[in-house]
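Below is one structure, written out as structure tokens; the observations come after it.
These values consider heavy atoms only, across backbone and side chains, with no hydrogens, waters or symmetry-generated copies. Remember, it's a predicted structure, so these values are computed and weren't measured experimentally. Every chain is numbered from 1 and lettered A, B, ... according to where its sequence line falls, protein lines coming before strand lines.
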Amino acid sequence: MNSIISLSVLGVLVLFLGILKKKTWLLPLILVGLLASLVMSVLHWNMNRSLFHNMLIIDNSGVAFSSVLIFSTFLIFMFAAQYYRKVVRPLDDIYAIMIFALVGAVLMSYFGNLIMLFIGIETLSIALYVLAGSHKEAITSNEATLKYFLLGSFLSGFLLFGIALIYGSSGSFDLYAIHSYVAEHAGAGLPPMFKAGLFLLIIGLLFKIAIAPFHFWAPDVYEGTPTLLTAFMATVVKTASVFAMYRFFSITFFGIHGVWEMTIAVLAAITIVIGNLTGLYQPNLKRMLAYSSISHSGYMMLAMVAFSGRTANALLFYSISYSIATIAAFAILILVREAMGNDYFGSFNGIAKKNRIEAFTLAVAMLSLTGIPPLAGFIGKYFLFAAAIEQGWLWLVIVAIAGSAVSVGYYFKPIIAMYFREDNGIVLQVGRPFRISILFLTILTILLGFLPFLLSGLI
Amino acid sequence: MNTLTTIPINHYLIFCSMLFSIGVIGVLIKRNALVILMSVELMINSVNLLLAAFSAYSNDPAGQIFVFFIMVVAAAEVAIGLAIFVLIYKTTHSIDIDVLNKLKW
Amino acid sequence: MTILIALVPLLPLLGFIILGLGYRGIPKRVAAILGPGTILISFILSLIVLFNFRLSPFAFRFFDWISLGPVSIPFEFLIDSLSILMMLIITGVGFVIHVYSIGYMSHDKGFNRFFAYMNLFIFFMLILVMSANYAVMFIGWEGVGLCSYLLIGFWFKNQQFNNAAKKAFIMNRIGDLGFLLGMFLIFTTFKSFGYQVVFEQAKTMSAGSGTMVAITMLLFIGAVGKSAQIPLYTWLPDAMAGPTPVSALIHAATMVTAGVYMVARSGVLYVLAPVTMEVMGITALATMLMTAAIAIFQNDIKKVLAYSTISQLGYMFLALSVGAFTGAMFHLMTHAFFKALLFLGAGSVIHALEGEQDIRKMGGLKNALPKTYWTFLVGTLAIAGLPPLSGFFSKDEILGNVFGSSLPLWVVAVGVSMMTAFYMFRLLFLTFAGKNRGSDPQSLKIHESPSVMTIPLIILAVLAFFGGFLNIPEIMGGSGMLKEFLAPVFADAVRLNQLQPHHVAARLEWSNMVVVLLLVLLMAYVAYRKTVNRDPGTASRNVLIRLIENKFYVDEVYDYLFVRPALRISDALQKFIEERFIDRIVNGTGTLVVRFSNGIRYLQSGHVGMYLFFMIIGILLILFINIFL
Amino acid sequence: MFTSYIFYFLSILALYSAVMMLLSKKPIHSVLYLTLTFFAIGGHYILLNAQFLAIVHIIVYAGAIMVLFLFTVMLLNLNKDEQSPKPIWVKASAIIAGVMLGMVLIGVLRGYDLHVMQQPEGSQIGLVKELGIVLYRDYMLPFEVSSILFLTAMVGAVLLGKKEQI
Amino acid sequence: MLTFTLIFLPLLAATGLFFVKEEKWARNLAFAMALVEFGISIAALVQYFLYCHCHLLFRLDWLASYGISLKFGIDGLSMLMVLLTTFLVPIIIYTTFGQKINRPASFYSLIFLMQAGLMGVFTAFDGMVFYIFWELALIPAYFIAAFWGGKDRIRITFKFFAYTFSGSLLMLVAIIFLYFRTPLPHSFDHIWLYASNLKPDEQIWVFLAFFIAFAIKVPIFPFHTWQPDTYVTAPYPGSMLLGGLMSKMGLFGMIRWMIPITFSVLNTTNGLFIILPVTGIVYASLIAIRQDDLKRLIAYSSIAHLGLVAAGIMVLNAQAMQGAMIQMISHGINIVGLFIIIQYIEARTKTTSISELGGIAIKAPRLAAFFMIILLGSIALPLTNGFVGEFLILLGMFKYNMVFAAVAGLTIIFSALYMLWMYQRVMLGNTNAVTEQVSDLSWKEMIPLIAIVIMVLWIGIFPGMFMKMAENGVGQVIGIIR
């Protein structure tokens, strides 16, 4: 709760600073504010209480999730200075909207009532519509925001319909109330209206996570959105939605599974196949990362399918490993794009020669996303696979590993380009904070791979 | 005014479903982004009515509160949406959704 | 004693190591002392062993070579009369040939290398005969094959020679596989590789059992490879590419007889497998006949001797096949003497003619090379089997046994004997008698070899002359010294032999001897008539002769049946299976994925309308399936 | 009886104008039809005794949102026919899909039977007072949080709308 | 503790070397570290023999709640493989002296990373840790081959990586699946995995997953097509690492994991799976005959030889398996020796095409002699290392099935055939324009070859020590099978 307040205040402060034209103060303030919020968020550990008539439920998983979200945002802001360094105006609005989006995301990880979920999602979405289009003169950015907005608002209609049906059958928006309704009807089978509502609600969330066939927006929007914000989208938004979904399931369907499992399993399988296969043919890194993020959504659904006490932790670990690797990849992408003007793989040719740290960062990120031990990505994947196998979803795991095998095909493209192709002689212009940040990400990726127990037993 | 006793709730449900479907059809067949947004608003309104009906029939104010929030959000959404359309119109002089398809494959 | 015996093979090894490591550093003179010297000491040590030998076998182990649970293979020697005999032959003849080589190889650049290889060969050959179990025997078995390879290809600049070397090694390896499998079967049957254990147990087994037949057949395949019998004999004539001392030592006196030694050593097993004995007899007979026929029409001095060697080896196997183990060993010994002599003599001729090997270009060398001629004559007489030379006694022993076993076999054997006499005398006459048919400048320079070469010839001639007296048959009043000496080794085998040759009456034996002798003399005369003062190139040719002249086209048939198909299969596998099938499946999977990817990405059409549509379909399906199904 | 007539009238009006919104070629007509639909829905709210919602609905939708739409149409000068309507098969399949969705939804909701209140007559939940109490007691947090949402929308609209380039 | 050091030291070396700028320093440091590692493994050997049957266990909780612990140990099997690795790595590093290497620090760093992976694979007693190190070894191998490789390296090495990685993913699934079949509380510890309770059909799947993963790595026919290209294109140290060490990972994995867990599949399928490697022996040998590239020929010969080893492992008897262990060591030593010689030849003639060479023995008799000895080792002449292993494998196979043994035994004919022919065309005959200027080996160049030749003869003549280790290790596996 404190973190929500502090973040909101931070956002407003940022706007004020913008009005006061204090450009240089912006980023330090944001970073400090985010850190403070992170601390506040972490301080809620073991608080375990519900606030405002169950509007918010502060529990450990929520604390962990929201901390991850704030942390990821913090990392992304670390790269903001570099990304926007040629922009003269204060950018307070963009930063403020990012922080407001984060507020929405944090709400999604604490919600105890569908109203809060709805408001959280909408805060996040509206902020993202704006962010996607924030590069106004670029036609791709325009297209991204249009597509995202149209599809997003369309799907939020379904989400609302689903909420309405759930309300109609269970008589409440409160998660615990819904849970008691579900528990009551679990034996005789849930009434169709509730099921319809449930699935429409899930579909609304699946859209945000970019699960096939609701993933179509993702590649286009990711490609069109300004790169820094794409990183935000691919990490914070996705993990927030996955967490929201987990939260919804874990409370309302506590102890009762099976209603949604098969559907999500099939969708996850389709997502993995489509994400990986399509990713294989992409000529540029940004779009490839979009498909990568789609396929990773599919992997995360494995945990959802194999729902158990360890799901939260598996998701947490996976999303952290995924987020740091993806952010690192986007960070390097920002650099290369700045130097070369595009994100085609050809731009990466031979950059390893003169930019060892940057190339190494991207390589580690790619390897982690592929799931090569002993990097964090592997441990994350292992948790998911283990969970799925434990629950008997062997076929799904087979699909997942087939996907992983295919994914080597595209994750290695930048590695091959950077290390093995002819040098194109560019030297990336990197500031010190930026370099420290990417090093930090790399070390974190390796460290989490070697010391996964730091996070594995958390929730 | 004894609507609740004279009209079965099923009527409301079916009415809302139809309205919702018309909204969906509108989204699917129209090319004008503005009309699509209107269709989306129609969908949302049908949901609003559905919630209000549930709320009224079960004598629970929560549903109507939710409708209130939906309206809030819808207003915000429309504001943003229209801003986006204006933005796009500035660059492409059209708000036809099929004009913009540079990003693909 | 143990140390002495250990030194017998170790000294040649030492010689090899010093010469091998020193290679270019050691002067020729040192090598000339070191090479033969180590062998001489080995020979002396062998003699000491012989004189201290009390007829009871004597085994001792040095260390465990391969030892794993039930599989225990110690590095172990077994000293009995058989191995002592072989040791003496190897070191004795080996020493003589080493000495000869000093002269023969004196101008060669690879002098040191030559002696290194030769010493290594002696080492392996000694291991082969001294071992106390099959596995250690296999070390020597393969080792001599290696040395043979190295020495045949000694002049490695010539790819023809290298081909011959490779052929020898591969054909030997084919046999080795048989030997190896036979060994495995022995192990699975008797749980041991040691001779003593195996033979003890074998004695209790019933004759003719499938296992025994399999074991002996597999071992026989090994012997066929090593001793150049049909069908694996074609390498031996080619092996003449090596320096002549090599031919004398390896491809006449010692290595090729390893098969005979091995079968004799495993006599107990063989007598329990009559089927194998028959197969062996037939193989031997066919080999003898065929190669003797080929020898008649060969014009290369060494090739004639090579085919003769094969033929003589056939003789030995024939003896083995009728259970005349002593006879075989006896002939092995005398053959070592006279064939080594013949080769060295041939080497002397070649040396004198500076490399000429075609007998059609020789003739009339009697006066130019007197010592060579006389010793060569002794060899010829010995191999032809004229009394009282060694060949007479050893052949007689075999023929006697064969006669007692089966008359048809005897007839063929005698026929081969006649052919032997013919081609040997033909060789002798063409080389030494008549006029020189070579080019004139050549004949001017002809000179007798140095004494370092002729003395070995003389030593061997003496041995070839008197070697037979070691085993004068009883009917001639001899004591059968060798037979007695070897008796303990073969006692079990002889006792268990089912096909025990009939004892032939003394009168009949005498008459046989006379008949054979007369026939041989006749052939000598025919050979004289046919060759002397005639141009050998103009004889009329019919199909049969052409067939024989071309060695029955066996090499060509092998080439056609095995070599070319193997190469073609190799190419086909590479092209069709490897590249077009397996690799295509692997790459195809990749390509397929990429193609599929290329196809599937067009789903992402870029049109919002399409995306909406897909979503609606997704929603419909999800709702429908979950609620109504 | 009277209420049911009103119900059917409003429903049919809403559906009719919704369909007309789709069928009309000119965006401005669509806007007007949609406004009509919204009014009909507002009538439904009154019918359901949700007076507060009815008022807010009219103010927000008919009053604010539709005016925004109208402004946009005028601003962008969109008041002309669609240049090239979608091909007929797209329309057909869209309609089939929409109808199927409607059927699925109706199929789901048809058998629904809500336990009716004992005293539906006395229901006062839709009144401003009642709702106000609930809103500021139970739903205080979402109410406050939606300010963030509005702020976002505001800043966002300005960001997207203003001339300045970044 | 020694065990831990063995794994940790290369990791440390890899990290440290990454930051070394000076080429000479990197080189010397790498060599010194490799020697230190070798010394430690010798210490481990001494400790192993002093307290036999203690497994030098090292254990650390890692992901305790998921049943994974960092459990490493050295038993007979591990000891052999560890020795092989620590012996070969310094040699491989030594052969790079005098070569011009682009970015030497990264190169040596990767070699050590790979060594760490190999150490982990060979000493892991925990299934998941095994898998982690398994993959850890793959990445540096890929980078070495792709960065310093030759023609068409990007495509070839990618194929190599994707192929082997796909195989290992299958194994990952199998390992996780096994984990949930272990007795409670679930654990990846090898004892638990061995005790896992599988239904017959599950066993087949698990077996297949393991088998394919290992077969690709070894490689066993018909999963081998990545290998010849990769060996050809990889730089020499890379080929040595791949051929000498990485291929052993698969075979080792079979003995350590596949056989103890799913041996009953082999029992019930009646040698169905042995047909593959046995076919591979003949197949690869036949193809090897016609190869014109030295490295490619060695690659195919490697398929044949390792096929024999794999077959030996899968016949499930003590002799064959012990022979397989010995043969793994021998093959590792021999193939590295052969690659070193080919490297020397290429350094002198700039080609590895057999048809362009000839007559080198005239110019370089020492090279010829070393080549001959190592070649004899690889064609399994008695008293060389190749013989001991092949002898035992064939003996064991013979007990299992005579036909298999006979077909597999063809390798002794074929290997002689293609190896000698290769030798003949490369070393013998007369010199030509390419080989005219070939110089003989210098003393510096001879050092690694001498080390290898010593091992060739040592294992060939006195294999006792190695046998003892193999016996100890294999004994446990055989004990489980019984």
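Residue with the most contacts toward chain B among Leu53(D), Leu135(D), Val134(D): Leu53(D) (heavy-atom pairs, distance under 4.5 Å). Heavy-atom pairs under 4.5 Å with chain B were tallied for Val56(D), Leu131(D), Val104(D); the largest tally goes to Leu131(D). Put simply, of Met71(B), Met38(B), Lys90(B), the one with the most heavy-atom pairs under 4.5 Å next to chain D is Met38(B). Counting heavy-atom pairs under 4.5 Å between each of Val27(B), Asp60(B), Ile95(B), Asn48(B) and chain D puts Asn48(B) at the top. If you tally non-hydrogen atom pairs under 4.5 Å between each of Met154(D), Glu130(D), Met100(D), His57(D) and chain B, the highest count goes to His57(D). For the set Leu42(B), Leu13(B), Asn45(B), the entry with the most heavy-atom pairs within less than 4.5 Å of chain D is Asn45(B). Among Thr72(D), Ile65(D), Leu22(D), Val60(D), the residue making the largest number of heavy-atom pairs under 4.5 Å with chain B is Leu22(D). When each of Ile84(B), Ile22(B), Val78(B) is scored by its heavy-atom pairs under 4.5 Å with chain D, the top score falls to Ile22(B). Taking chain D as the reference chain and counting heavy-atom pairs below 4.5 Å, the highest number among Ala62(B), Ala83(B), Pro61(B), Ala76(B) is found for Pro61(B).
Heavy-atom distances place both the backbone and the side chain of Phe69(D) under 4.5 Å from chain B. Neither the backbone nor the side chain of Ala64(D) has a heavy atom closer than 4.5 Å to any heavy atom of chain B. Contacts of Phe71(D) with chain B are absent, with no heavy-atom separation under 4.5 Å from either backbone or side chain. Neither the backbone nor the side chain of Ile96(D) comes within less than 4.5 Å of any heavy atom in chain B. Of the atoms belonging to Leu37(B), heavy atoms from both backbone and side chain fall under 4.5 Å from chain D. For a residue to count as touching a neighbouring chain, one of its non-hydrogen atoms must lie under 4.5 Å from one of that chain's; by this rule Leu68(D) touches chain B with backbone and side chain alike. Of the two parts of Leu51(B), neither the backbone nor the side chain holds a non-hydrogen atom closer than 4.5 Å to a non-hydrogen atom of chain D. Within the 4.5 angstrom heavy-atom criterion, only side-chain atoms of Asp98(B), from C-beta onward, approach chain D. For Phe7(D), the part sitting under 4.5 Å from any heavy atom of chain B is the side chain, from C-beta outward, and nothing else. Interface residue Met66(D): only side-chain heavy atoms are found under 4.5 Å from chain B. For a residue to count as touching a neighbouring chain, one of its non-hydrogen atoms must lie under 4.5 Å from one of that chain's; by this rule Val24(B) touches chain D with the side chain only. Neither the backbone nor the side chain of Thr35(D) comes within contact range of chain B, judged by heavy atoms closer than 4.5 Å. Proximity to chain B (any heavy atom under 4.5 Å) is shown, for Ser30(D), by both the backbone and the side chain. Both the backbone and the side chain of Val31(D) have a heavy atom closer than 4.5 Å to some heavy atom of chain B. Interface residue Ser11(D): backbone and side-chain heavy atoms are both found under 4.5 Å from chain B.
Taking OG of Ser39(B) as the reference point, atom CE of Met21(D) lies at 3.5 Å (rounded to 0.5 Å). A distance of 13.5 Å separates CZ in Phe85(B) from CG in Leu75(D), rounded to the nearest 0.5 Å. A distance of 12.0 Å separates CE of Met103(D) from CE of Met18(B), quoted to the nearest 0.5 Å. From Leu49(B), atom CG reaches atom CG of Leu48(D) across 6.5 Å, with rounding to the nearest 0.5 Å. If you take CG on Asn10(B) and CD1 on Ile106(D), they are separated by 11.0 Å, rounding to the nearest 0.5 Å. One finds the CG atom of Leu109(D) at 4.5 Å from the OG atom of Ser17(B) (value rounded to the nearest 0.5 Å).
Minimum interatomic distance between Ser21(B) and Gly102(D) (heavy atoms only, all atoms of both residues): OG-CA, 2.9 Å. Listed here is the closest heavy atom pair of Leu160(D) and Leu87(B): O-CD1, 3.6 Å. Residues Val72(B) and Ser146(D) come closest through the heavy atom pair CG1-CB, 4.2 Å. When all heavy atoms of Ile80(B) and Gly156(D) are compared, the closest pair comes out as CD1-C, 3.9 Å.
Under the 4.5 Å side-chain criterion, counting only non-hydrogen atoms from C-beta, Leu19(B) is in contact with Ile41(D). With contacts defined as side-chain heavy-atom distances shorter than 4.5 Å, the pair Val86(B)/Leu76(D) qualifies. In this structure, the side chains of Phe69(B) and Leu149(D) stay at 4.5 Å or more apart for every pair of heavy atoms.
The neighbour count for Lys102(B) NZ, taken as heavy atoms of other residues, nucleotides or ligands under 6.0 Å away, does not exceed 12.
Relative orientation of the His11(B) and Tyr8(D) rings is tilted, given thresholds of 30° and 60° on the angle between their planes.
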Practice prompt. Decide yes or no on side-chain contact (heavy atoms from CB on, under 4.5 Å) for Tyr45(D) and Gln64(B), but give the supporting numbers first.
Written response: CA-CA 10 Å; Tyr45(D) 286 138; Gln64(B) 298 196 20; over 6 Å; no
Discussion item. Test side-chain contact (heavy atoms from CB on, under 4.5 Å) on Phe143(D) and Ile65(B); report intermediate values, then the result.
Written reply: CA-CA 10 Å; Phe143(D) 188 76; Ile65(B) 300 281; over 6 Å; no
